[in-house]
Novice: 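There's a structure below that I have some questions on.
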Amino acid sequence: MFGCLVAGRLVQTDVQQVAEDKFVFNLPDYESINHVVVFMLGTIPFPERMGGSVYISYPDQSGIPVWKLLGFITNEKPSAIFKISGLKSGEGSQHPFGAMNIPQTPSVAQIGISVELLEQLAQQTPVDNAAVSTVDSFTQFTQKMLDNFYNFATSFAVSQAQMTPNPSEVFIPANVVLKWYENFQRRMAQNPFFWKT
């Protein structure tokens, strides 16, 4: 029903069913994993109005499993990629795997999938930074560059009363820079590759 993929490793389809609606994958050597993909195999769909919450569990310093909600998969969204490299510290969140005695070794993390109603999935809040950004690095760079330029240019802003006349210097009104900034942001949001045309 489910598969799990870590970059540089074989696809895992050896999910363990630990309850009627709970499934677990073991991830050996989890410290070296940055991202994990969880997906449906396409052989068995979720029942109508159901989906799967995706959790990660790793042992804390005392060996007790810490569970964190990563996100979810559904029949309409049958796969998801999660960034787990920054999640290996802090407290866990509420999870449906608490009462189960699932064996876990110190260097093995687990991906848990809990089959739940879609209404419940929509109300859950995954941990911060688990979702992989859908914005490409060029768009991120451009946005950061725009912010930096605008902040830099406006840091030199002076009122008209503070200006000292200098015939060799050209002044650009701050509202012109702001208008350019807003227009560029709007165009990037509509089409990140508008500059190619």
Side-chain angles (χ1 to χ4, degrees), residues 1-44 46 50-116 118 120-145 147:
M1 184 169 184
F2 302 110
C4 181
L5 178 64
V6 173
R9 299 186 186 182
L10 293 173
V11 173
Q12 289 181 248
T13 57
D14 58 342
V15 68
Q16 300 170 36
Q17 187 167 1
V18 294
E20 183 180 342
D21 58 350
K22 310 276 186 290
F23 303 86
V24 174
F25 284 102
N26 288 320
L27 297 178
D29 190 27
Y30 75 94
E31 292 93 351
S32 66
I33 300 173
N34 290 320
H35 297 83
V36 63
V37 179
V38 178
F39 57 94
M40 297 176 65
L41 296 176
T43 54
I44 303 171
F46 283 111
M50 302 293 276
S53 292
V54 179
Y55 293 84
I56 185 167
S57 168
Y58 53 89
D60 67 7
Q61 293 175 348
S62 60
I64 298 171
V66 175
W67 288 90
K68 293 186 178 185
L69 177 65
L70 297 176
F72 63 90
I73 56 175
T74 64
N75 290 334
E76 290 74 34
K77 181 184 170 254
S79 66
I81 182 170
F82 303 106
K83 180 179 179 186
I84 64 169
S85 57
L87 304 178
K88 298 167 189 146
S89 62
E91 295 180 10
S93 57
Q94 186 175 356
H95 61 86
F97 296 92
M100 297 178 193
N101 188 12
I102 304 169
Q104 190 166 19
T105 56
S107 64
V108 176
Q110 293 176 318
I111 295 293
I113 302 168
S114 175
V115 179
E116 301 171 10
L118 293 176
Q120 288 176 315
L121 296 180
Q123 296 173 6
Q124 297 174 346
T125 305
V127 294
D128 292 336
N129 302 324
V132 175
S133 174
T134 57
V135 179
D136 66 23
S137 59
F138 174 75
T139 304
Q140 286 178 329
F141 167 76
T142 304
Q143 184 63 47
K144 295 282 186 197
M145 183 191 64
D147 291 341

Novice: Check the pair M40, N75 against side-chain contact (heavy atoms from CB on, under 4.5 Å), reporting the backbone distance first and the verdict last.
Specialist: CA-CA 8 Å; M40 297 176 65; N75 290 334; 3.3 Å; yes
Novice: Does any part of the side chain of V54, heavy atoms only, come nearer than 4.5 Å to the side chain of F82, both counted from C-beta?
Specialist: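 Touching, per the 4.5 Å side-chain cut-off.
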Novice: Looking only at non-hydrogen atoms, find the nearest pair between A80 and K77 and report the distance.
Specialist: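 Looks like CB-NZ, 3.6 Å.
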Novice: Please give me the minimum heavy-atom distance between P59 and Y30, naming the atom from each residue.
Specialist: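 The answer is O-OH, 3.8 Å.
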Novice: Passes side-chain contact (heavy atoms from CB on, under 4.5 Å), S57 versus I111? Steps please.
Specialist: CA-CA 6 Å; S57 168; I111 295 293; over 6 Å; no
Novice: Distance check, rounded to the nearest 0.5 Å: D21 atom CG versus I113 atom CD1?
Specialist: 12.0 Å
Novice: What I'd like to find out is whether the side chain of P28 reaches to under 4.5 Å of the side chain of R9, using heavy atoms alone.
Specialist: yes
Novice: Are any of the side-chain heavy atoms of Y58 and L27 separated by less than 4.5 Å?
Specialist: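 Heavy-atom side-chain distance check fails, nothing below 4.5 Å.
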Novice: Show your reasoning for whether side-chain contact (heavy atoms from CB on, under 4.5 Å) applies to T13 and V15.
Specialist: CA-CA 6 Å; T13 57; V15 68; over 6 Å; no
Novice: With sequence neighbours left out, write down each residue that passes side chain to side chain donor-acceptor pair (under 3.5 Å) with D29, or none if nothing qualifies.
Specialist: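 For D29, the residues satisfying side chain to side chain donor-acceptor pair (under 3.5 Å) (neighbours in sequence not counted) are S32.
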Novice: Apply the side-chain contact (heavy atoms from CB on, under 4.5 Å) test between L5 and each candidate in L10, V37, I81; give the one that qualifies.
Specialist: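 Testing each of L10, V37, I81 against L5, the sole residue satisfying side-chain contact (heavy atoms from CB on, under 4.5 Å) is V37.
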Novice: Provide the closest heavy-atom pair for V38 versus I73 in the form atom of the first, atom of the second, distance.
Specialist: O-CG2, 3.9 Å
Novice: Nearest 0.5 Å, what's the CD1-CD1 distance between I84 and I56?
Specialist: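 Going from the CD1 atom of I84 to the CD1 atom of I56 covers 3.5 Å.
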Novice: My understanding is that only residues two or more places apart in sequence, or in another chain, count here; which of them pass ring pair (Phe, Tyr, Trp, His ring centres under 6.0 Å) with F46?
Specialist: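 Ring pair (Phe, Tyr, Trp, His ring centres under 6.0 Å) check on F46 returns F2.
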Novice: Sequence neighbours excluded, which residues qualify as side chain to side chain donor-acceptor pair (under 3.5 Å) partners of Q124?
Specialist: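 In terms of side chain to side chain donor-acceptor pair (under 3.5 Å), with neighbours along the sequence ignored, Q124 is linked to S53, E116.
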Novice: Ignoring hydrogens and angles, tell me if any N or O in the side chain of Q120 forms a donor-acceptor pair with the backbone of Q123 under 3.5 Å.
Specialist: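 No; judged by distance alone, with no hydrogens or angles, the pair does not exist.
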Novice: State whether Y55 and K68 meet the cation-pi test: NZ (Lys) or CZ (Arg) under 6.0 Å from the six-membered ring centroid, and within 45° of the perpendicular axis.
Specialist: no
Novice: Keeping the roles fixed (side chain from Q12, backbone from N26), state whether a donor-acceptor pair exists under 3.5 Å.
Specialist: yes
Novice: If every non-hydrogen atom of L118 is compared with every non-hydrogen atom of G51, which pair is closest and at what distance?
Specialist: CD2-N, 3.8 Å
Novice: List the steps and the verdict of side-chain contact (heavy atoms from CB on, under 4.5 Å) for V36 and F25.
Specialist: CA-CA 11 Å; V36 63; F25 284 102; over 6 Å; no
Novice: Keeping Q16 on the side-chain end and V18 on the backbone end, is there a donor-acceptor pair under 3.5 Å?
Specialist: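 Not a single qualifying donor-acceptor pair exists.
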Novice: State, to 0.1 Å, how close S79 and F39 come at their nearest heavy-atom pair, and which atoms those are.
Specialist: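 Heavy-atom minimum between the residues: CB-CB, 3.6 Å.
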